[in-house]
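So the structure is just underneath, and the comments pick up after that.
Keep in mind that the numbers below use all heavy atoms, side chains included, and drop hydrogens, waters and symmetry copies.
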Amino acid sequence: MMTLNRTQAPDFQLTDTISLIPVATHTLDNGIPVYVITAGEQPVVRIEWIFEAGGWDELLPNVSTFTLRMLNEGTQQHTGAELAEFFDQYGSFLELQASSDRSTVTLYALRKHLPVLLPRIQELLQEATFPAEELEVQRTIALQTLQVNEEKTSFLASRGFRETLFGKGHPYGKNQTQQNLKAFSREDLVTFYQSHLAGQAFRVFVAGQVDETEVQLLNQVFGQQSVQGAKARPAYEFPAAPPEKPLLLDMPDKMQSTLRVGKRSVNRVHPDYYKVLVTNEIFGGYFGSRLMKNIREEKGFTYGIYSQLNHFAQASQLVIGTDVNKEFTQQTLDEIQKELVRLQTELVPLEELQTAQNFMIGQFVGSLNTAFEIADRHKIRILNQLPDDYYERHIERIRAVTSEDVQQAAQTYFQWDSMIEVVAGGK
């Protein structure tokens, strides 16, 4: 019998390459592209219908969100209750979501039920009616939820950060307010639906235990309708420079403050993207990061602090966030700046660099366990027009970043003077 020596760490092997399950591309009779990822052992399928329309294209705030939210609240043939009962009957689940850039209808279902379910999705996309009474119910819920959220420092800080970074009139800076939740009508939803969803082009992503059968079925249901080509989208400008003064949202009755610090950053196709990505990981991207060690473990100011890169279709942002007791607000900001200066003036030790890189690679490989996760990677690549080998070279590009690269990225893309600072609570 072999005895396990618990004083020694188990052997491990570094991952150098990965090979994603390939995506099969098909085209329906009407030109709609379908991307199929065949994987998984269970007969569960996820199908996504993705439209290039969202907050970017609406004339009033919230219209795209409520249009998607109400797609299954009634059609010319069925009431909302009948639709809900129908999808429940087949053990399926619908997600209806509008982002700033796109609108997505997602169906989770057993493969065997698709012949019955797909025509009902087509009904939602062509015959939704947007009942006025249900709209008022949804509006009331949203107003009540907003009222609760506006008492939270985290909500107000995030809202203030987006508005300051992108501008209140920009699609990435728009937020729900009591006023704009009351400003749109049912007719605004109908107009958005007819202009950007019904009869409009879309892309389909299919993931799960599927084959040509599902493609043929999609073609029968969705490939015979005529669809409009891509529409010209409005143009928006970003603020030219960060504001001179930090934004303080004073909330005297709160014991804690929420901090949001950041700036617009590089996107996935930028030549320095991987340098910035690794630098951010070392700075505040994981539990062993410098921000966590300093502000959580050494100072005890917070339970958690993070720095992350978020991507939109037309912009990317770096955001640093945490919650602290009010009396530690300025000290926390000072320590964040201190860690940035340290990255800019001192080379990161090789061991620290490799630890962060190995964590990033392990996290990436661990995120490719299911058909849906693999499909998500392909979806990011396709929607953002990234190279075919983008993810196959992901590990290689992470490992290629040196300590000198990190220092250069910190000096170029993490300058404190270019950051926006928002505090909700107090200093």
Decide yes or no for [X] and [Y]: does some side-chain heavy atom of the first lie under 4.5 Å from some side-chain heavy atom of the second?
{"X": "Y413", "Y": "N280", "result": "no"}
{"X": "M292", "Y": "I305", "result": "yes"}
{"X": "D101", "Y": "E52", "result": "no"}
{"X": "V261", "Y": "V422", "result": "no"}
{"X": "V45", "Y": "L114", "result": "yes"}
{"X": "Q331", "Y": "K299", "result": "no"}
{"X": "Q138", "Y": "E73", "result": "yes"}
{"X": "E297", "Y": "F287", "result": "yes"}

Do [X] and [Y] meet the criterion of a side-chain donor-acceptor pair at a distance under 3.5 Å?
{"X": "T258", "Y": "S154", "result": "no"}
{"X": "Q77", "Y": "E127", "result": "yes"}
{"X": "K263", "Y": "S418", "result": "yes"}
{"X": "T75", "Y": "E123", "result": "yes"}

So, are [X] and [Y] salt-bridged, with charged N and O less than 4.0 Å apart?
{"X": "K174", "Y": "E163", "value": "no"}
{"X": "K245", "Y": "E421", "value": "no"}
{"X": "R290", "Y": "E352", "value": "yes"}
{"X": "D388", "Y": "R381", "value": "yes"}

So does [X] have more than 12 non-hydrogen atoms from other groups sitting under 6.0 Å from [atom1]?
{"X": "Q179", "atom1": "CD", "value": "no"}
{"X": "Q224", "atom1": "CD", "value": "yes"}
{"X": "Q411", "atom1": "CD", "value": "yes"}

Do you know which two heavy atoms are closest between [X] and [Y], and how far apart they sit?
{"X": "L156", "Y": "L249", "value": "O-CD1, 3.4 Å"}
{"X": "D405", "Y": "A400", "value": "OD2-O, 3.8 Å"}
{"X": "A371", "Y": "A207", "value": "O-CB, 3.9 Å"}
{"X": "V401", "Y": "Q357", "value": "O-NE2, 3.0 Å"}
{"X": "R377", "Y": "S367", "value": "NH2-OG, 2.8 Å"}
{"X": "F301", "Y": "T332", "value": "CD1-OG1, 3.4 Å"}

Is the ring centre of [X] less than 6.0 Å from the ring centre of [Y]?
{"X": "Y108", "Y": "F372", "answer": "yes"}
{"X": "H113", "Y": "F87", "answer": "no"}
{"X": "F166", "Y": "F312", "answer": "yes"}
{"X": "F364", "Y": "H394", "answer": "yes"}

- prompt: Between F202 and F51, how do the two ring planes meet: parallel, tilted or perpendicular, split at 30° and 60°?
  reply: tilted
- request: Return the orientation label for the F66 and F184 ring planes: parallel under 30°, perpendicular over 60°, tilted otherwise.
  value: tilted
message: Show, in sequence, the C-alpha distance, side-chain angles and deciding distance for E214 and R111, and conclude whether the salt bridge (Lys or Arg N to Asp or Glu O under 4.0 Å) test is met.
response: CA-CA 8 Å; E214 281 64 43; R111 180 184 184 186; 2.8 Å; yes
- prompt: Should D57 and F192 be marked as a side chain to side chain contact (heavy atoms under 4.5 Å, CB included) after you check the CA-CA gap, both sets of side-chain angles, and the distance that decides it?
  reply: CA-CA 9 Å; D57 309 276; F192 184 88; 4.3 Å; yes
statement: Exactly one of T370, T106, D376 clears side chain to side chain donor-acceptor pair (under 3.5 Å) with R46, and that residue is D376
- request: Start with the C-alpha distance between F222 and W49, add both sets of side-chain angles, then the distance that settles ring pair (Phe, Tyr, Trp, His ring centres under 6.0 Å), and finish with yes or no.
  value: CA-CA 11 Å; F222 298 95; W49 292 261; 5.5 Å; yes
message: Here's a test for you: under side-chain contact (heavy atoms from CB on, under 4.5 Å), which of N294, L291, L340 qualifies with E335?
response: N294
- request: Decide yes or no on ring pair (Phe, Tyr, Trp, His ring centres under 6.0 Å) for F238 and H170, but give the supporting numbers first.
  value: CA-CA 7 Å; F238 295 112; H170 194 280; 4.6 Å; yes
